[in-house]
*Asks:* 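Take this structure first; my questions come after.
Just so we're on the same page: letters track the sequence lines, and every chain starts at 1.
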Amino acid sequence: MVYMDDKEFSRLLSICRIHLRESERAAIKRDVDEVLEYFNSLESVDTNGVIEAYHPVAVGEKLREDAPSEFPDIGIILKNAKTYRFYVVGPNI
Amino acid sequence: MSSITEFLEKEKPSGYTGKMLKELSKLNEELNAFNNIADSLGSGMPFSVKDNICVKGIETTASSRMLEGYIPAFNATVVQRMLDSGFSFIGKTNMDEFGFGSFGLNSTKPARNPFDVRYVAGGSSSGAAVATSILKYHVAIAESTGGSISTPAAFCGVVGFTPTYGALSRYGLIDYANSLDKIGIMARHADDVRSVFDKVRGADAKDTTSIEGEYRREVSKKIILPDQLTKGIDEDVESGFARLVEKLEGMGYKTVHRSIPFIDKAIPAYYTIAMAEASTNLARYSGFKYGYRNEDFTQHYNQFFTNARERFGLEAKRRIVLGTFVRSASVRDEYYSKALKVRRLLIKELGKALQDGFILSPVMPIKVPTFEEVKELTALENYKMDVMTIPPNLCGLPHVSFPYAYHKGMPLAAQLVAGHWGDHAVLGIVEEWERHFDYKFKYNIGEL
């Protein structure tokens, strides 16, 4: 079954910020249709009144203290990016 | 005696470490187990780290071109706990890019099976399994999302342990799917796995999903054989598995066949959740931090970002596309929320089944495949191969994969699953099994 036409697929790729070569595009489009059809088999399960399981075990509501802490190796972090006066340089937005 | 104790007690000849590392580097050229190998080693038992777990100052790429050159500024909690316990870091192991794969093929240099290089090593922790199979004294820190420890451990004939979700801190793990990722352990024997697990488990303030579990250690003698996971599989796997069941019955285990509701929905539920989470996690790789750097800052952000994402492999792109779709507003309830609800139902059903027993199945419905056989599979056929490893991973249940026989020189393995926090109990059964089984390894690098 075809789940989205070429135009919709192009729009999805654009949202994903993914550019595909022609050969990749055909393969992934076919896979998307095939996999979504398979995912649709979940429809047959009655989930009325069932709560989503965001985690497989109860992990509680633990949050870290919102406080600054010492990080001695900041130099290594900055080496992973182009920097200017201690700032990470990025593209225009 | 565990091999950790044996290694620490045995006297090492002069030049032992250098010779061992040289031998390992040479074999690695053929098997691609490691993405990098340490120049030197301390005196502790060697441990390797899957390349999606951060080691301070060591390039960590998750086998992705996107992360080439990324040097973490910190150790993952599990790595720090290993070092604090006296283990010596030996290198970063190869894997499917970001953990996306069951056969180890989604890597620029796929790992090869140490029993026969025509065969795959399994995935995604391919290198961890190969390293464990070739090094006499070593334990591997690996990671599983949907079967990435069980499958490669099975194909390479070693013990692969995936603990209860939250038992080990994920701090320092390069996320694939946060609600599914579990750091685990591979070794040549279950007692080594247990020893390492007890050193690295426990809550960590740096990972709010990590838990100090209430472990259940009692070993039940009841083994459940789910109908859906033990029928319609490769004939040699089926007959080998039947012989294992007979042997376990001979050891006093009672086996029962049972159909488990919703287990056939585990794969679509799992891949929906995994892809949704992966597509958000991969959005952080934007081309100006973490590894690959596009320094053409004249481009608008959208173009800059799109160009950077060219570096992802085809499977990563496929998962981004599908994951972005299933969590888009118009279909979110139909796919993502539905999958989370199905997970809830399956957790309940498996929990009921595992109250007083363990689930046993093969690890894969096929024997160890060759590279050529795997290349023929479509994406969906690939995903469906995870039919046995996904249910416990989706539900965060502890499980262990262990070899039980050899067929034409290649290992056959089974997977044993326990209820939440039954980690020690499931390892206990494998330890008992090992007293009746002789492991075979083609290489024993570092033997003393």
Side-chain angles (χ1 to χ4, degrees), chain A residues 3-4 9 12-21 24 27-32 34-65 71-82 88-93, chain B residues 56-57 69-74 164-166 179-180 205 208-209 211 262 265 268-269 271-272 279 288-291 293 295 297-302 304-307 309-310 314 317-318 320-322 324-326 335 337-345 347 378-380 383 394-396 420:
Chain A
Y3 278 84
M4 59 187 84
F9 188 60
L12 177 60
L13 293 179
S14 167
I15 291 168
C16 297
R17 311 288 189 268
I18 290 288
H19 172 76
L20 297 174
R21 291 186 292 275
E24 290 180 329
I28 291 193
K29 173 73 173 64
R30 186 192 59 229
D31 293 337
V32 165
E34 200 176 44
V35 172
L36 288 179
E37 185 172 3
Y38 183 60
F39 286 178
N40 281 345
S41 67
L42 294 176
E43 267 179 30
S44 63
V45 182
D46 180 2
T47 53
N48 275 329
V50 178
I51 298 167
E52 290 97 335
Y54 286 98
H55 288 98
V57 297
V59 295
E61 291 286 329
K62 296 167 287 181
L63 293 173
R64 268 182 290 184
E65 193 71 20
F71 191 82
D73 297 307
I74 199 161
I76 305 179
I77 294 176
L78 293 175
K79 271 187 191 168
N80 280 298
K82 185 178 171 64
V88 171
V89 180
N92 293 316
I93 295 176
Chain B
K56 184 178 174 181
Y70 170 57
I71 309 291
F74 63 97
T164 302
Y165 178 86
S179 81
L180 296 159
T208 55
T209 62
I211 299 164
F262 309 119
K265 302 299 180 201
Y271 273 104
T272 303
S279 65
F288 64 96
K289 49 185 181 176
Y290 308 123
R293 279 194 246 170
E295 294 195 354
F297 295 120
T298 60
Q299 296 170 329
H300 185 272
Y301 184 75
N302 279 343
F304 183 92
F305 192 34
T306 305
N307 288 350
R309 284 155 77 88
E310 290 268 358
L314 192 61
K317 290 176 182 172
R318 185 182 288 120
I320 290 170
V321 172
L322 277 158
T324 304
F325 178 75
V326 297
Y335 291 102
S337 298
K338 184 83 177 180
L340 294 173
K341 290 175 182 177
V342 171
R343 168 153 72 175
R344 171 84 62 200
L345 292 172
I347 289 170
T378 66
L380 185 58
Y383 303 159
L394 176 65
C395 300
H420 288 139

*Asks:* Given that the side chain runs from C-beta out, which part of L180(B) has a heavy atom under 4.5 Å from chain A: side chain, backbone, both or neither?
*Replies:*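 For L180(B), there is no contact with chain A at all, as no heavy atom is under 4.5 Å.
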*Asks:* Can you name the closest pair of heavy atoms from I211(B) and V59(A) and give their distance?
*Replies:*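 Minimum heavy-atom contact is CD1-CG1, 4.0 Å.
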*Asks:* I need the minimum non-hydrogen distance between P56(A) and G396(B), along with the two atoms involved.
*Replies:*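 Closest heavy-atom pair between P56(A) and G396(B): CB-N, 3.6 Å.
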*Asks:* Strictly distance-based, threshold 3.5 Å: is any side-chain N or O of N92(A) a donor or acceptor partner for the main-chain N or O of F297(B)?
*Replies:*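 Yes; at least one donor-acceptor contact below 3.5 Å.
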*Asks:* Taking every non-hydrogen pair under 4.5 Å, which of V57(A), L42(A), I28(A) racks up the most with chain B?
*Replies:* L42(A)
*Asks:* Check each atom of Y271(B) against the heavy atoms of chain A and say whether the ones under 4.5 Å are side chain, backbone, both or neither.
*Replies:*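 For Y271(B), backbone and side chain are both near chain A.
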*Asks:* Taking every non-hydrogen pair under 4.5 Å, which of I74(A), I76(A), L20(A) racks up the most with chain B?
*Replies:*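 That would be I76(A).
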*Asks:* With a 4.5 Å heavy-atom cut-off, do L340(B) and V50(A) have their side chains touching?
*Replies:*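 SC-SC contact between L340(B) and V50(A) ruled out.
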*Asks:* Taking all heavy atoms of S41(A) and all of K265(B), pick out the closest pair and write down the distance.
*Replies:* O-NZ, 3.4 Å
*Asks:* By a 4.5 Å heavy-atom criterion (distance strictly below it), what part of T164(B) contacts chain A: side chain, backbone, both, or neither?
*Replies:*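 The answer is the side chain of T164(B).
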*Asks:* Using non-hydrogen atoms and a 4.5 Å limit, figure out which bit of A269(B) sits close to chain A: side chain, backbone, both or neither.
*Replies:* both
*Asks:* Just wondering, do Y383(B) and V35(A) contact through their side chains at under 4.5 Å, heavy atoms?
*Replies:* yes
*Asks:* Give, as side chain, backbone, both or neither, the part of I51(A) having an atom under 4.5 angstrom from any heavy atom of chain B.
*Replies:*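 For I51(A), backbone and side chain are both near chain B.
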*Asks:* Sort I347(B) into side chain, backbone, both or neither according to what part of it lies under 4.5 angstrom from a heavy atom of chain A.
*Replies:* side chain
*Asks:* Where does H300(B) contact chain A at under 4.5 Å (heavy atoms): side chain, backbone, both or neither?
*Replies:* both
*Asks:* Does any part of the side chain of L63(A), heavy atoms only, come nearer than 4.5 Å to the side chain of T208(B), both counted from C-beta?
*Replies:* no
*Asks:* As an exercise: rank H420(B), K341(B), K317(B) by heavy-atom pairs under 4.5 Å with chain A and give me the winner.
*Replies:*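 The option with the most such pairs is K341(B).
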*Asks:* Within the distance-only criterion (no hydrogens, no angle test), does the side chain of R343(B) pair as donor or acceptor with the backbone N or O of E52(A) below 3.5 angstrom?
*Replies:*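 Such a contact is absent between R343(B) side chain and E52(A) backbone.
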*Asks:* Taking every heavy-atom pair that is under 4.5 Å apart, which of R21(A), E24(A), K79(A), R17(A) has the most such pairs with chain B?
*Replies:* R17(A)
*Asks:* Using a cut-off of under 4.5 Å for heavy-atom pairs, which of V89(A), I18(A), N80(A), D73(A) has the most such pairs with chain B?
*Replies:*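 Sorted descending by pairs with chain B, the first entry is N80(A).
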*Asks:* Side chain from CB out, backbone as N, CA, C, O: work out which of these in A27(A) comes under 4.5 Å of a heavy atom of chain B, or both, or neither.
*Replies:* neither
*Asks:* Name the region of T378(B), side chain, backbone, both or neither, that has any atom closer than 4.5 Å to a heavy atom of chain A.
*Replies:* side chain
*Asks:* Less than 4.5 Å apart, side chain to side chain, heavy atoms only: is that true for L345(B) and D46(A)?
*Replies:* no
*Asks:* Between the main-chain N or O of L380(B) and the side-chain N or O of D31(A), is there a donor-acceptor pair closer than 3.5 Å?
*Replies:*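 The answer is no, because no donor-acceptor pair under 3.5 Å joins these two groups.
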*Asks:* Does any backbone or side-chain atom of E310(B) lie under 4.5 Å from a heavy atom of chain A? Answer side chain, backbone, both or neither.
*Replies:* side chain
*Asks:* Quick check on the interface: out of L13(A), I77(A), L12(A), who has the most heavy-atom pairs with chain B under 4.5 Å?
*Replies:* L12(A)
*Asks:* Does any heavy atom of chain B fall under 4.5 Å from the side chain of V32(A), the backbone, both, or neither of them?
*Replies:*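 Looking at V32(A), backbone and side chain both touch chain B.
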*Asks:* Below 4.5 Å from any heavy atom of chain A, which atoms of R293(B) appear? Answer side chain, backbone, both or neither.
*Replies:* side chain
*Asks:* Heavy-atom distance under 4.5 Å to chain A: side chain of F304(B), backbone, both or neither?
*Replies:*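 Only the side chain of F304(B) comes within 4.5 Å of chain A.
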*Asks:* Using a 4.5 angstrom heavy-atom cutoff, name the option from Y301(B), Y290(B), F74(B) with the most pairs to chain A.
*Replies:* Y301(B)
*Asks:* Quick one: does any side-chain atom of R309(B) pair with a main-chain N or O of C16(A) as donor and acceptor, under 3.5 Å?
*Replies:*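 Pair found, side chain donor or acceptor close to backbone of C16(A).
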*Asks:* Heavy atoms only: give me the nearest V45(A)-K338(B) pair and the separation to one decimal.
*Replies:* O-NZ, 2.7 Å
*Asks:* Using non-hydrogen atoms and a 4.5 Å limit, figure out which bit of L314(B) sits close to chain A: side chain, backbone, both or neither.
*Replies:* both
*Asks:* If we define contacts as heavy-atom pairs under 4.5 Å, which of L394(B), T298(B), V321(B) has the most with chain A?
*Replies:*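 Most pairs with chain A among the choices: V321(B).
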*Asks:* Taking side chain as everything from C-beta outward and backbone as N, CA, C, O, which of these in S44(A) sits under 4.5 Å from a heavy atom of chain B? Side chain, backbone, both or neither.
*Replies:*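 Interface part for S44(A): side chain.
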